[in-house]
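To start, the structure under review is shown below, and the notes come after it.
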Amino acid sequence: RAKELESSLDQTMGAFGIDPAHLEIEVSESTIMKNFDSAMAVLQRLKERGFRIVVDHFGAGSSNLKQLSQLPMDVLKVDRAFMPHRACDRTSFAIAETALALGRALGISVVVGGVESASDVALLQQHALYQGQGFHLGRPMPGPRFAEWYRQHWTH
């Protein structure tokens, strides 16, 4: 909805020499659905520039699946409300599994939010959901701390 978003991104990319393919633009489902046509146009232009598009909080808004399937997205993040915190919570997990099926059909990644314990990770793996987000996997951290964490965990 911010009119200056695109020009601000262009200026930032130019100033720091960042390839847009290395950045994800994350937009909540409800924000997109408030003015779908306008959001679709902006997201399409960003996608054409090379940005990756992430639709966050899937399931928390009032999505029209036909409209959702038309979005130029790379990643669909399932709202944390649908991460069941016990194995018998079939209703919540049915929504996460449906999002996974939608993602596979559209050729995009699906991330499940609300992963707060090792048992949540096991439950995701049991259902072939291999991407998650939550405090069990990592807490928010400032840039320098993240850089150090990344070096310790992923550059060996």
Interatomic distance, Ile108 atom CD1 to Ser69 atom OG [nearest 0.5 angstrom]: 9.5 Å
Which residues share a side-chain contact (heavy atoms from CB on, under 4.5 Å) with Phe146, sequence neighbours left out: Met141, Trp149, Tyr150
CZ on Arg52 to CD1 on Ile25, rounded to 0.5 Å: 11.5 Å
Linked hydrophobic residues, Val75 as query - side chain contacts closer than 4.5 Å: Val54, Val111
Closest heavy-atom pair and its distance - Gln44, Pro72: OE1-CB, 3.5 Å
Point-to-point distance, once rounded to the nearest 0.5 Å, from CG of Leu5 to CG of Leu9: 4.5 Å
Residue list, side chain to side chain donor-acceptor pair (under 3.5 Å) with Glu148, at least two apart or on another chain: Arg151, Gln152
Arg49: side-chain contact (heavy atoms from CB on, under 4.5 Å) partners, not counting sequence neighbours: Glu6, Asp10, Leu46, Phe51
Residues which pass side-chain contact (heavy atoms from CB on, under 4.5 Å) with Leu100, listed by chain and number, not counting sequence neighbours: Arg104, Val110, Leu129
Verdict with supporting geometry, Leu137 and Val121, side chain to side chain contact (heavy atoms under 4.5 Å, CB included): CA-CA 9 Å; Leu137 302 171; Val121 172; 4.0 Å; yes
Salt bridge (Lys or Arg N to Asp or Glu O under 4.0 Å) pairs, two or more places apart, involving residues 130-145: none
Name of the residue among Val55, Leu68, Val42 meeting side chain to side chain contact (heavy atoms under 4.5 Å, CB included) with Ile32: Val55
Partners passing salt bridge (Lys or Arg N to Asp or Glu O under 4.0 Å) against Asp74 (at least two apart in sequence or in another chain): Lys47
Salt bridge (Lys or Arg N to Asp or Glu O under 4.0 Å) pairs, two or more places apart, involving residues 121-137: none
Side chain proximity check, Met40 to Gln67, heavy atoms < 4.5 angstrom: no
Can you give the donor-acceptor pairs under 3.5 Å from side chains of residues 12-19 to other protein atoms, not counting sequence neighbours?
| unit_1 | atom_1 | unit_2 | atom_2 | d |
| --- | --- | --- | --- | --- |
| Thr12 | OG1 | Ser8 | O | 2.9 |
| Asp19 | OD1 | Ala21 | N | 3.0 |

Min side-chain heavy-atom separation Val27-Ile53 under 4.5 Å: no
side-chain contact (heavy atoms from CB on, under 4.5 Å) against Asp56, all qualifying residues, sequence neighbours excluded: Glu26, Lys77
